[in-house]
Trainee: 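First the structure, which I've put down as structure tokens, then a few questions once you've had a look.
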Amino acid sequence: MPIPERLNPTFASAQSPALLHSGALEEARRRLIVALDAPSADAATRIVDSLTGVCQWFKVGMELFTAEGPAVLEPMLKRGYQIFLDLKFHDIPNTVAAAVRSAAALGVGMLNVHAAGGPAMLAAARAALDGLADPPELLAVTMLTSMDAGQMNAIGLERSAAEQVILLARMSLAAGIRGFVCSSLEVAALRELTGPEGVLVVPGIRPAGAESLDQRRIATPAEALRQGASYLVVGRPITQALDPAEAADAILQEMAEAL
Ligand code: C5P
């Protein structure tokens, strides 16, 4: 499947050193996804409004989508924003394929499934997008970052988290999925595995000097980009800042310098 233009960022290694600074800033803007972890449409709208002209992508997850339904996406899409619908589908292949089709029909730019759903589920999810004129990028979630060794043992997984991530990533690639949500600890290994075609979306980003909050595997924006991230997902460092636009601008600046 050819990579749609909007999902085909140029990776750091391929950047011309002569890239104009404003060009780097625009490139950074195309690669920043703001996590809209809000309980209601009103709260989400306040965040979106505070970032007018600053950001292009918002991530809508289970909390907001469950509270407000697909209608919550419409005003954002009408204003030209791109949406990453972070619902992490995981069910039998037929059900996941149907959910992927429903999500694609909403007009989102990215959506995700759990790689642990297995090869048949991944292939069905991937096939559900066949034939669409402008399909969303399908991302696989390998291991949740909340799964430490104890949690993995409890569900019968004996590999290390790093080995499990690679196993699930290989399986996803074999099913035709080249996009992944991954932590900054895994991004370099996944970039090696996928090559430049991979679309690697990395949460757990904290600007230098910021509090980690509850995130364990964190990286600065510059570190994550240098290790091969295509997109960075940033939530609270922007959405809970006194001035979200100023916080986002500082992150974009740091990203631009790393590009
Ligand atoms: O506020 P913060 O920047 O930590 O938000 C990160 C976002 O990325 C949240 O929406 C969180 O659910 C999501 N996420 C994550 N770690 C993962 C997968 C998703 O933090 N492994």
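Values reported hereafter were calculated over all heavy atoms of this structure, with side chains retained and with hydrogens, waters and symmetry mates removed. Each residue takes its place number in the sequence, starting with 1.
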Trainee: Answer yes or no: is there a side-chain heavy-atom contact under 4.5 Å between Ser184 and Glu223?
Mentor: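 Answer no - side chains too far apart.
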Trainee: Nearest 0.5 angstrom please: Ile251 CD1 to Thr220 OG1, how far?
Mentor: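 Ile251 CD1 to Thr220 OG1: 10.5 Å, rounded to 0.5 Å.
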Trainee: Do Ile92 and Leu129 share a hydrophobic cluster, counting only Ile, Leu, Val, Met, Phe, Trp and Tyr and linking them when any side-chain heavy atoms are less than 4.5 Å apart?
Mentor: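 Ile92 does not cluster with Leu129.
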Trainee: Side-chain contact test, heavy atoms from C-beta onward, threshold under 4.5 Å: evaluate it for Leu232 versus Arg31 and give yes or no.
Mentor: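 No, too far: nothing below the 4.5 Å cut-off.
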Trainee: Any chance CG of Asp91 has more than 12 other-residue heavy atoms, nucleotides or ligands included, within less than 6.0 Å?
Mentor: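 More than 12 within 6.0 Å, yes.
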Trainee: Is there a side-chain contact between Phe65 and Leu73 (heavy atoms, below 4.5 Å)?
Mentor: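 Side chain of Phe65 against side chain of Leu73, heavy atoms only: contact under 4.5 Å found.
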Trainee: Evaluate whether atom CD of Glu192 has more than 12 neighbouring non-hydrogen atoms of other residues, nucleotides or ligands under 6.0 angstrom away.
Mentor: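 12 or below, so no.
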Trainee: Tell me if a side-chain donor or acceptor on Asn112 pairs with a main-chain N or O of Leu87 at a distance below 3.5 Å.
Mentor: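 Answer holds: yes.
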Trainee: Closest heavy-atom contact between Ala256 and Ala28?
Mentor: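 Shortest heavy-atom separation between Ala256 and Ala28 comes out as N-CB, 4.0 Å.
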Trainee: Looking at CE of Met143 and CG of Leu185, how far apart are the two atoms once the value is rounded to the nearest 0.5 Å?
Mentor: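 Rounded to the nearest 0.5 Å, the CE-CG separation comes to 12.5 Å.
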Trainee: Evaluate side-chain contact (heavy atoms from CB on, under 4.5 Å) for Ser183 paired with Val202, printing each intermediate quantity in order.
Mentor: CA-CA 5 Å; Ser183 86; Val202 181; 5.7 Å; no
Trainee: For the side chain of Glu68 and the backbone of Ala41, is there at least one donor-acceptor N/O pair under 3.5 Å apart?
Mentor: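 Here the side-chain-to-backbone pair exists.
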Trainee: Are Ile218 and Met255 connected in the hydrophobic side-chain network, where two residues link if heavy atoms are under 4.5 Å apart?
Mentor: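 No, separate clusters.
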Trainee: Looking at Ser230 and Gly198, what are the two nearest heavy atoms and their distance?
Mentor: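 Heavy atoms of Ser230 and Gly198 come nearest at OG-O, 3.5 Å.
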Trainee: Kindly give the heavy-atom pair with the smallest separation between Asn153 and Glu158, and that separation in Å.
Mentor: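 Result for this residue pair: OD1-CA, 4.5 Å.
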Trainee: Should the ring pair His90 and His114 be called parallel, tilted or perpendicular, given that the plane angle runs from 0 to 90° and is split at 30 and 60?
Mentor: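 Rings of His90 and His114: tilted, as their planes differ by 30° to 60°.
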Trainee: Are side-chain heavy atoms of Val54 and Leu252 found at a separation under 4.5 Å?
Mentor: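 Of all side-chain heavy-atom pairs linking Leu252 with Val54, at least one is under 4.5 Å.
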Trainee: Within the 4.5 Å heavy-atom criterion, are Leu32 and Ile238 side-chain neighbours or not?
Mentor: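 Yes, side chains in contact.
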Trainee: For side-chain contact (heavy atoms from CB on, under 4.5 Å), just list the numbers for Met76 and Val60, CA-CA rounded to whole Å, side-chain angles, deciding distance to a tenth of an Å, and then say yes or no.
Mentor: CA-CA 11 Å; Met76 285 184 261; Val60 173; 4.0 Å; yes
Trainee: For side-chain contact (heavy atoms from CB on, under 4.5 Å), just list the numbers for Gln151 and Leu144, CA-CA rounded to whole Å, side-chain angles, deciding distance to a tenth of an Å, and then say yes or no.
Mentor: CA-CA 10 Å; Gln151 297 287 311; Leu144 293 173; over 6 Å; no
Trainee: Return the CE to OG1 distance between Met171 and Thr142, rounded to the nearest 0.5 Å.
Mentor: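 Separation between the atoms: 10.0 Å.
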Trainee: Do Leu106 and Glu74 have side-chain heavy atoms sitting under 4.5 Å apart?
Mentor: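 They are not in contact (no side-chain heavy atoms under 4.5 Å apart), so the answer is no.
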Trainee: Looking at CH2 of Trp57 and CE of Met110, how far apart are the two atoms once the value is rounded to the nearest 0.5 Å?
Mentor: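 So the CH2 of Trp57 and the CE of Met110 are separated by 4.0 Å.
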Trainee: Are Leu190 and Ile166 close enough that some pair of their side-chain heavy atoms sits under 4.5 Å apart?
Mentor: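 Side chain of Leu190 against side chain of Ile166, heavy atoms only: contact under 4.5 Å found.
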Trainee: Quick one, Asp37 and Arg236 - any side-chain contact, counting heavy atoms below 4.5 Å?
Mentor: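 SC-SC contact between Asp37 and Arg236 ruled out.
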Trainee: On a heavy-atom basis, which atom in Phe180 and which in Ser172 lie closest, and how many Å separate them?
Mentor: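 Taking Phe180 first and Ser172 second, the nearest heavy atoms are CE2-CB, 3.5 Å.
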Trainee: Rounded to the nearest 0.5 Å, what's the gap from CZ on Arg178 to CZ on Arg126? Could you check?
Mentor: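 Atom-to-atom, Arg178:CZ and Arg126:CZ are 8.5 Å apart.
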Trainee: For the pair Glu186 and Leu200, evaluate side-chain contact (heavy atoms from CB on, under 4.5 Å) and give the outcome as yes or no after the intermediate values.
Mentor: CA-CA 10 Å; Glu186 292 136 12; Leu200 306 184; over 6 Å; no
Trainee: To the nearest 0.5 Å, tell me how far Gln227 CD sits from Arg191 CZ.
Mentor: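 CZ of Arg191 is found 11.5 Å from CD of Gln227.
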Trainee: Search all heavy atoms of Leu64 against all heavy atoms of Leu36 and return the closest pair with its distance.
Mentor: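 Reported closest heavy-atom pair: CD2-O, 3.9 Å.
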Trainee: Do you know which two heavy atoms are closest between Pro237 and Ala241, and how far apart they sit?
Mentor: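 Distance-wise, the nearest heavy atoms are O-CB, 3.6 Å.
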